Amino acid sequence: MNDILTFLVLTLFVIMSPGIDTALITKRTMADGQTGGYKMALGFASGSLVHTLAATFGLSALLLQSALAFEIVKYAGAVYLMYLGISAFLSKKSDTGSSAKEEITKETSAFRQGLVSNVLNPKVAVFFLTFLPQFVQNDQNVTLQLLLMGITYTILAITWFFVFVFFINYLRKWLTTPSVQRFMDKATGVVLIGFGLKLAFEKHK
């Protein structure tokens with residue numbers, strides 16, 4: 001139960017941390033309304049399923065064959081998690097304000113843009129490839145565990161983005177203010193660093 005709660009909390013903080021997905025869905029919602037935001041959220045979810053399948057079948061074979069490979073993946077994930085935390089904590093501005101990097105046009109399908117951006121998002125790819133294996137238990141079906149964790153990530157992600165889109169019309173000015181974004185960065189940074197240290201020193205079961 002403790003491992004499940006750790007995974008859920010960590011996943012939520014990774015999903016909610018400001019990034020490319022947040023910037024895109026904020027702009028799409030402001031430009032096209034809630035419908036456009038919801039379509040993009042579905043695109044993000046579909047992209048997460050792509051990552052789930054790729055990670056599940058690739059990592060299952062790797063982790064079942066090599067204990068050393070697991071240790072390498074484990075520590076790489078912990079280090080990357082702490083890197084994300086430190087970057088967020090020291091961040092001076094949020095990615096949601098960097099409009100120059102991602103342009104949204106009316107001609108671009110919201111669903112397609114969400115799908116492509118998620119599939120090509122390195123943060124999501126690294127999360128699936130390095131963090132999921134740390135919660136795998138050898139005495140159970142590895143493939144099934146990875147698949148279930150990937151699906152859980154997808155469900156949490158689409159839930160968060162649907163809620164975010166729903167409230168963005170009412171709270172968009174407040175959510176995008178520098179003070180709120182700085183608070184989110186600091187809080188996310190502290191939590192990610194803490195979990196990174198915890199996972200680094202935790203023994204695999």
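Please read all numbers here as calculations on a predicted model, not as lab measurements. The first residue in the sequence is number 1, and the count goes up from there. Hydrogens, waters and symmetry mates play no part in the numbers below; they use all other heavy atoms, side chains included.
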Query raised in the report: With sequence neighbours excluded, what pairs up with Leu42 under the side chain to side chain contact (heavy atoms under 4.5 Å, CB included) test?
Result: Phe111, Ile158, Phe162
Query - Single hit among Gln113, Lys39, Gln34 for side chain to side chain contact (heavy atoms under 4.5 Å, CB included) with Arg28 - result: Gln113
Report summary line: Scanning both residues in full, the closest heavy-atom pair of Gly36 with Ala110 reads O-CB, 3.5 Å
Query raised in the report: Looking at Trp160, Phe164, Phe44, which hits side chain to side chain contact (heavy atoms under 4.5 Å, CB included) with Ile15?
Result: Trp160
Query raised in the report: Partners of Leu53 by side chain to side chain contact (heavy atoms under 4.5 Å, CB included), sequence neighbours excluded?
Result: Phe57, Leu147
Requested in this report: Decide yes or no for Tyr153 and Leu132: does some side-chain heavy atom of the first lie under 4.5 Å from some side-chain heavy atom of the second?
Outcome: no
**Report entry** Check: Phe135 and Ile4 side chains under 4.5 Å, non-hydrogen atoms
**Finding:** no
Query - Heavy-atom side-chain contact between Met40 and Thr29 under 4.5 Å - result: no
Query raised in the report: Once you round to the nearest 0.5 Å, how far does OG1 of Thr154 lie from CZ of Phe128?
Result: 5.0 Å
Query raised in the report: Which atom names give the shortest non-hydrogen contact between Leu156 and Thr11, and what distance separates them?
Result: CD1-CG2, 3.9 Å
Query raised in the report: Are Leu49 and Tyr38 in one and the same hydrophobic cluster, where Ile, Leu, Val, Met, Phe, Trp and Tyr link if side-chain heavy atoms are under 4.5 Å apart?
Result: no
Requested in this report: Please name all residues satisfying side chain to side chain contact (heavy atoms under 4.5 Å, CB included) with Leu148, sequence neighbours left out, ordered by chain then number.
Outcome: Leu144
